[in-house]
There are 2 protein chains.
Amino acid sequence: MTKPPHAGSEGASAPLRSIPEASVARLAVYLRKLGEFAEEGADTVSSDELAAATGVNPAKLRKDLSYIGSYGIRGVGYEVAALVHQLERTLGLNHRQSVALVGIGNLGHALAGYGGFGGRGFPVTALFDVDPDLVGIHINGILVEHVRAIPQVCVDRGVTIGMIATPGQAAQGVCDLLVDAGVRCILNFAPTVLQVPGEVEVRKVDLAVELQVLAFHVARKHVAAAEQTVAVNGHPVNGAGGLLS
Amino acid sequence: MTKPPHAGSEGASAPLRSIPEASVARLAVYLRKLGEFAEEGADTVSSDELAAATGVNPAKLRKDLSYIGSYGIRGVGYEVAALVHQLERTLGLNHRQSVALVGIGNLGHALAGYGGFGGRGFPVTALFDVDPDLVGIHINGILVEHVRAIPQVCVDRGVTIGMIATPGQAAQGVCDLLVDAGVRCILNFAPTVLQVPGEVEVRKVDLAVELQVLAFHVARKHVAAAEQTVAVNGHPVNGAGGLLS
DNA sequence: AGTCGCTTGTGAAGGCGCGCACAAAGTTGC
DNA sequence: GCAACTTTGTGCGCGCCTTCACAAGCGACT
Ligand SMILES: NC(=O)c1ccc[n+]([C@@H]2O[C@H](COP(=O)([O-])OP(=O)(O)OC[C@H]3O[C@@H](n4cnc5c(N)ncnc54)[C@H](O)[C@@H]3O)[C@@H](O)[C@H]2O)c1
Ligand SMILES: NC(=O)c1ccc[n+]([C@@H]2O[C@H](COP(=O)([O-])OP(=O)(O)OC[C@H]3O[C@@H](n4cnc5c(N)ncnc54)[C@H](O)[C@@H]3O)[C@@H](O)[C@H]2O)c1
């Protein structure tokens, strides 16, 4: 299992051993920002520049990048094109990731119609629903098929990622279908905890929770403000702004 | 400032001093699940039950709940109704949180048309866009207004939370307008790091990043699978399934 | 060629969150 | 009323993540 750390030779295969989950999420952010820098014609970026642009601590950024190897040039910075290439390789974007979306309702329509996924290496290749009014229509040129076609279609099109945008009660059933069809990674928008075998990775996007976390902070600020109507705080805690995520 | 920990008396005001960010997010999940338990007629829930239903470690759950006070009954569990009440108070749901949504495109339509927000105490009371084809229409009975009306409308309707679903380039401008209008909490769907004053809280929902994190795991599994085509692993790492979030 | 300035990569420390394990406390049965 | 059982609340150790600070490395300028 644990091979000796045979660190970053430039080999074609992925030599990465283990990258902290939190870093992986940030690497994706760096990658997108690097794309913008490249469009603006930048050849190199320093960690400070990229850190400022992504709202991250520069040291953290360098450590994140160090997980994928030493591709920076001391005294200069990072060569944009090379770093993009390495990030794409690390994040698995050199292989096309075919995405299936189940539940073409309110949210599903928006996701299906969004061009940003395909443009970034995640072509949505299959859409599923149970509603007879939806099955048969096309969105962005993709046919909506019945849920019962999931096993067949997912295998045929090599789907690697499933997105679930059904109501909560239907999510587990849909999830089981996807897992049986060989999908090992699932992005879940339904407010449900999915039961999956250990080898399946689930990420959950829960907008209601996001709002409630914000509401909590509104309440806190409110209380704080009410308590210190007098004391004017000269306390710009965080100059840079974005803290987490 | 730091008063002695004058823990949870049953007073009407919020006596909470500081709750870890991660716990707050989970509290919201517990609250939703408790709602379902209540509908099923449950009077009390044990930490083990609720933990299983939300995919959380029971000890962690109890610790989370302990931040808001001691409302459990040893040997019995938690009284559902009382706990719901305390959670709502802690999360700031006893005050109505008026939400404004800017950018009524693909995603904005889905968000505006979603009943789940209003139903959970987050009525969307204002919609904004710049597209003349959108300004003037109604969605779910809410009028879409021009972005330039943000200052006026947000103040009039007491908006406390803003959601930004515009393209990335427009996000910062919209954000500035919201902040000037007194909005202190923002949920950002655009792939942009927003610059805000220290007292404003920003949360970012970045679907492209979610997909890329999944893609990374696909790649990892792929590599792992390719490396051990021989060794059949009898290693059900995580019986319970859901790991994080 | 040498020196100076700039930027990377990383060791180490600190903080935070997670989860075990157990004492405290309440309930049920007799 | 007492004992056995159930479940909460939490002290504590552990590991991950963040952040500081600095040595090592590279280029530019003279
Ligand atoms: N729309 C939003 O902005 C929003 C926000 C937060 C959360 N969500 C969550 O996202 C999910 C979808 O929301 P929505 O607004 O699109 O709901 P919706 O009711 O508009 O759409 C749900 C779709 O799922 C389909 N469906 C139902 N059962 C199915 C099944 N067994 N298999 C396949 N498809 C099935 C329905 O036909 C419908 O088209 C919900 O779980 C909701 O809680 C949505
Ligand atoms: N649709 C999705 O599924 C999805 C997924 C991931 C991320 N996103 C992000 O969400 C955002 C919105 O996506 P979308 O698909 O709805 O895009 P969209 O182009 O369909 O909608 C954007 C809307 O914003 C409006 N707009 C433009 N400039 C504005 C301004 N200055 N002020 C107010 N409104 C303005 C446009 O008129 C349009 O209605 C984008 O940043 C996108 O990257 C969307």
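Protein chains get the first letters and strands the later ones, always in sequence-line order, with residue 1 at the start of each.
- Put simply, the side chain of Asn188(B) gets close to the backbone of Thr192(B): a donor and an acceptor are under 3.5 Å apart.
- Taking atom CD1 of residue Ile19(B) and atom P of nucleotide dG17(C), one finds them 12 Å apart after rounding to whole Å.
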Dump the pairs, protein N or O against N or O of nucleotides 6-8 of chain C, anything under 3.5 Å, distances to one decimal.
residue: dT7(C); atom: O4'; partner: Gly75(A); partner atom: N; Å: 3.1
residue: dT8(C); atom: OP1; partner: Ser47(A); partner atom: N; Å: 2.5
residue: dT8(C); atom: OP2; partner: Ser47(A); partner atom: OG; Å: 2.5
residue: dT8(C); atom: O2; partner: Arg74(A); partner atom: NH1; Å: 3.0

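- Between Leu34(A) and Leu87(A), the shortest heavy-atom distance links the atoms CD1-CD1, 3.5 Å.
- Between Glu49(A) and Lys33(A) there is no salt bridge, since no side-chain nitrogen of the basic residue lies less than 4.0 Å from a carboxylate oxygen of the acidic one.
- Going from atom CD of Glu21(B) over to atom P of dC17(D) covers 18 Å, rounded to whole Å.
- In this structure, the OH atom of Tyr30(B) is 13 Å from the P atom of dT8(D), given to the nearest Å.
- An OP1 or OP2 oxygen of dT10(C) is reached within less than 4.0 angstrom by no side-chain nitrogen or oxygen of Lys63(A).
- At a threshold of 4.0 Å, the pair Glu21(A)-Arg203(A) counts as salt-bridged, since one of the basic side-chain nitrogens sits closer than that to a carboxylate oxygen.
- Between the P atom of dT19(D) and the CG atom of Leu61(A) lies a distance of 12 Å, rounded to the nearest Å.
- Phosphate contact (OP1/OP2 of dC20(D), side-chain N/O of Asn57(A), threshold under 4.0 Å): present.
- Between Ile68(B) atom CD1 and dT8(D) atom C1' there is a gap of 14 Å when expressed in whole angstrom units.
- Remark: the Glu79(A) side chain and the Thr44(A) side chain contain no N/O donor-acceptor pair separated by less than 3.5 Å.
- One atom, CD of Glu79(B), and another, C1' of dG26(C), lie 15 Å apart when rounded to the nearest Å.
- Between Arg26(A) atom CZ and dC17(D) atom P the separation is 9 Å, expressed in whole Å.
- Rounded to whole angstrom, the span from the CG atom of Leu65(A) across to the P atom of dT19(D) amounts to 15 Å.
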Pair Asn94(B), Glu88(B) - check side chain to side chain contact (heavy atoms under 4.5 Å, CB included), show working.
CA-CA 6 Å; Asn94(B) 42 356; Glu88(B) 285 179 344; 5.8 Å; no
